[in-house]
Amino acid sequence: MSKIKLPPAVSPICLSTSVSLTAGNTAVGNMADLTSPLRSPMIIDEISFMVKHTETNSATVIDYPGGSIRVKLRTSRFDLTNNYVPIWNFGPVIDETMDSASGWASPQNSVTTSGKDDSLQHFLWKLPKPLFLRPGDMIFPEFQRQSDGVAGTSKVYITYHGRLMPIDCPIPPEVWIPYVSAWIPTLANGQTYYVSNKDHFFNKLQVPLHVQRFIQRIQRTNSGQARELFDQPMYGLDAPQAAPLSVKITDSKGYQVCGDFVPSSCVFNINRRALTVKTVIDPNEMFIVEYANVPSTTVQPMLSMIGARKEAA
Amino acid sequence: MKIILGPGMPGQNGGVVPPNRQDPSDNRSPVQSVDSNDADSVALYKGIPIHLYGSVTVTPNSSAAVNGVALKNPNPGPMLISEIKFMISGASLALQSMSGGGLRCRLDMGKIPLSNGSIPLWLYGRVENLTQEGNSRFMTFKWKLPRPIFVPSGAAIIPTFYHAGIPGDTPVVASVAYGGRAFGPDFSPRKIYLPYVAGYTTKIFDIDESTADTSSETDLVNQFDTPLVVDRITGRIDSLTTNNTQDDYVANLYPAAVELVTLRMWDSLGNSIVRSYTPLYTVCHGVMRSWQLDGKVTLPPGAYYIADFLKNAPGYTTNSGNRLQAGIAINAWREVSR
């Protein structure tokens with residue numbers, strides 16, 4: 001197919017909406033906030049999330065990580081996710097101390113919500129390839145909050161940052177569509193080994209998938225609290241573990257990405273929670289991920305594969 | 001294209017020799033050619049590293065300029081400056097805290113403005129370390145230029161600092177440092193890029209009030225006859241009390257107050273940039289305080305952006321006396337012909 005040169009952008013554009021979620025609920029944002037004004041085509045460069053969690057009992061929660069909030073993204077024609085994906089599994093950590101690792105929870109000596117405690121997290125997904133949206137098209141977000149046992153309400157902002165294109169901008173014959181698939185193993189008491197299947201890192205598309213990276217996050221929920229365990233597996237829950245949480249990755253042709261079970265923090269850069277792979281998997285090919293030594297049902301690994309594919313517009 | 005490097009560059013005479021002090025017994029060519037497409041792609045790995053520094057004490061509600069002599073290349077020849085760093089420190093222990101919103105700076109290179117008036121120091125670049133920027137009496141900010149700026153021989157970038165008068169009557173020491181490369185007199189890039197920052201600072205909001213404030217056509221504007229390539233949009237919120245000004249995060253206004261300041265934006269043609277009132281830190285990412293555009297958008301000559309701020313009432317208990325001030329800036333560059 002012949003390539004066309006797109007004209008310069010008219011202006012930057014930022015579209016944002018928010019939903020409020022209690023545990024176990026789903027919600028869809030206001031679509032009118034996320035559509036292109038005047039039905040102009042757009043190019044989306046990045047998607048960001050902000051979660052403000054308000055807890056009614058300030059004694060219990062000061063952190064609220066992004067693992068419980070999940071989102072399914074799609075345009076009118078293409079899926080951007082394989083299912084609901086935790087919002088912290090889209091992009092790597094930006095800043096170890098100030099980003100989403102533990103979130104922002106402040107003593108609030110200047111502004112107080114009486115009897116409440118808030119926490120705040122930011123997550124950013126810089127798309128592997130900019131996403132061209134035809135006139136009138138948009139990215140539909142469907143949010144879901146897990147039954148995480150954490151009290152309070154989460155207000156989730158989703159924001160698209162991009163460029164507004166001229167209204168007469170030609171439609172390219174092919175467009176890059178970002179794609180994220182996630183695997184959150186369903187944990188069972190006494191079980192320490194888990195393996196992914198065709199629902200997870202399988203290329204069910206009709207075109208090759210350019211895989212950019214894997215991202216692993218680990219969430220620990222316990223006694224009505226949820227927080228990220230970024231020092232897993234070396235220190236486990238509260239003490240060093242003899243057998244750390246380990247991961248093994250192979251592809252469907254038998255090639256080993258990790259030669260054998262490797263401590264997961266040695267595979268996924270502990271500062272970015274990411275493993276850059278830069279590879280292409282053909283249709284009906286897949287990665288198989290195995291976890292070993294998962295310590296308990298309260299320690300939840302969440303793994304995602306981020307990439308993009310070319311589709312006919 | 002070819003970039004001509006003067007003598008005395010690393011690797012040419014076995015070390016760094018100032019351009020005007022080449023060993024006369026060295027009969028090698030006085031110039032060295034390297035292939036390059038752009039001044040900023042290869043040249044930054046050539047030449048001599050250079051770092052220039054100047055400081056000035058600024059008293060409240062007044063401005064002061066740094067001595068230009070300190071900011072000129074001490075060697076004959078031009079420079080490519082790739083980053084500008086600012087530092088605020090208390091002139092006395094009376095200063096409790098002063099943010100990058102309280103001290104502003106105008107940058108000029110001769111008759112060429114590099115900023116649209118006085119811009120708060122923390123709106124020049126993105127956040128690199130928020131906790132460090134919020135230290136009580138000492139703060140640093142960095143503007144990594146989207147493209148290095150060519151400073152001709154004998155010229156200098158002159159900063160003029162302005163103390164906005166908050167906190168009260170405490171003077172501060174404002175420092176500036178330029179990092180880049182110095183070249184021999186023959187260095188002459190084919191393309192020259194000039195960075196530019198245009199900003200708008202809102203009126204001061206009482207934390208309990210509900211009000212609005214809007215920038216004008218002369219704030220976030222391209223005042224030149226060449227297009228501006230927008231690198232990023234930065235936004236910050238300042239927390240003001242009687243004795244100090246602080247980043248809102250450092251002032252413990254997070255996370256409850258994150259929705260207090262919202263904005264929407266449009267351009268001079270009426271195109272929506274931020275369609276509906278959106279918290280500032282979702283427009284400019286909360287960690288970086290920046291919306292990275294990476295030069296993918298241009299602002300035509302004479303065009304401008306309008307930022308319409310809406311300050312929401314908090315709806316919950318606040319400490320009386322707290323005030324807020326928001327700021328937003330476009331960080332851009334333009335190409336000029338020689």
Side-chain angles (χ1 to χ4, degrees), chain A residues 8-18 30 32-38 40 43 45-46 48-54 64 93-95 97-100 103-124 126 130 155 157-159 161-164, chain B residues 127-131 207 227 230 233 239 241 246 248-260 262 264-279 281-288 291-294 296-300 303 305 314-319 321-322 330:
Chain A
V10 172
S11 69
I13 188 155
C14 171
L15 302 169
S16 183
T17 191
S18 64
N30 183 356
D33 290 339
L34 300 175
T35 53
S36 165
L38 306 175
S40 299
I43 294 177
D45 293 307
E46 58 188 41
S48 65
F49 302 96
M50 182 174 81
V51 182
K52 182 184 174 201
H53 185 80
T54 300
Y64 188 75
V93 168
I94 300 169
D95 183 297
T97 54
M98 301 305 299
D99 190 48
S100 52
W104 272 317
S106 85
Q108 301 166 351
N109 58 10
S110 297
V111 179
T112 56
T113 52
S114 56
K116 298 178 180 179
D117 195 4
D118 289 5
S119 71
L120 188 75
Q121 281 82 34
H122 292 273
F123 306 99
L124 177 67
K126 188 172 173 60
K155 188 170 184 181
Y157 285 87
I158 183 169
T159 307
H161 289 97
R163 291 162 274 159
L164 195 66
Chain B
V127 166
E128 291 193 330
N129 185 335
L130 200 52
T131 49
I207 198 165
V230 184
I233 296 174
S239 167
T241 60
Q246 294 177 313
D248 61 320
Y249 163 68
V250 181
N252 290 326
L253 292 178
Y254 260 63
V258 73
E259 292 164 311
L260 287 188
T262 61
R264 56 182 183 169
M265 291 178 71
W266 58 89
D267 69 10
S268 43
L269 295 176
N271 296 307
S272 286
I273 297 174
V274 181
R275 183 169 182 170
S276 50
Y277 284 114
T278 304
Y281 289 145
T282 58
V283 176
C284 301
H285 189 266
V287 175
M288 300 177 288
W291 172 6
Q292 287 295 136
L293 290 163
D294 296 326
K296 293 172 181 170
V297 172
T298 56
L299 190 60
Y305 295 155
Y316 38 75
T317 311
T318 64
N319 284 357
N322 265 62
I330 54 172

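None of the values given here were measured: they were computed from a predicted structure. Chain naming here is simple, since letters A, B, ... match the order of the sequence lines and numbering starts at 1 in each.
The contact between Leu293(B) and chain A is made entirely by side chain atoms (from C-beta outward), counting heavy-atom distances below 4.5 Å. When heavy atoms are compared at a cutoff of 4.5 Å, Ser11(A) approaches chain B by way of both its backbone and its side chain. Looking at Ser16(A), the atoms closer than 4.5 Å to chain B (heavy atoms on both sides) sit in the backbone and in the side chain alike. Proximity to chain A (any heavy atom under 4.5 Å) is shown, for Thr282(B), by both the backbone and the side chain. With a 4.5 Å cut-off on non-hydrogen atoms, Pro37(A) touches chain B through its backbone and its side chain both. Within the 4.5 angstrom heavy-atom criterion, atoms from both the backbone and the side chain of Ser272(B) approach chain A. With a threshold of 4.5 angstrom between heavy atoms, Met265(B) does not approach chain A through any atom at all.
Heavy-atom pairs under 4.5 Å with chain A were tallied for Thr278(B), Asp294(B), Val283(B); the largest tally goes to Val283(B). When each of Arg163(A), Lys155(A), Met50(A), His161(A) is scored by its heavy-atom pairs under 4.5 Å with chain B, the top score falls to His161(A). Between chain B and the residues Leu38(A), Asp45(A), Leu15(A), the most heavy-atom pairs under 4.5 angstrom are made by Asp45(A). In terms of non-hydrogen atom pairs under 4.5 Å with chain B, the most contact-rich of Pro12(A), Ser36(A), Pro8(A), Ser48(A) is Pro12(A).
Of the residues Thr35(A), Asp33(A), Thr17(A), the one that meets the side chain to side chain contact (heavy atoms under 4.5 Å, CB included) test with Arg275(B) is Thr35(A).
Contact between Gly162(A) and Trp291(B) at its shortest, heavy atoms only, is O-CZ2, 4.1 Å.
By the ring-ring contact (aromatic ring centres under 6.0 Å, His included) test, Tyr305(B) pairs with no residue at all, sequence neighbours left out. By the side-chain hydrogen bond (donor to acceptor under 3.5 Å, both in side chains) test, Glu46(A) is found to be paired with no residue, residues two or more places apart in sequence or in another chain being considered.
Between atom OH of residue Tyr281(B) and atom NE2 of residue His122(A) there is a gap of 9.0 Å, rounded to the nearest 0.5 Å. Atom-to-atom distance recorded for Asn271(B):CG and Ser40(A):OG is 7.0 Å, nearest 0.5 angstrom. From Met288(B), atom CE reaches atom CG of Leu124(A) across 5.0 Å, with rounding to the nearest 0.5 Å. In this structure, NE2 in His285(B) is found 9.0 Å from OG1 in Thr159(A), a value given to the nearest 0.5 Å.
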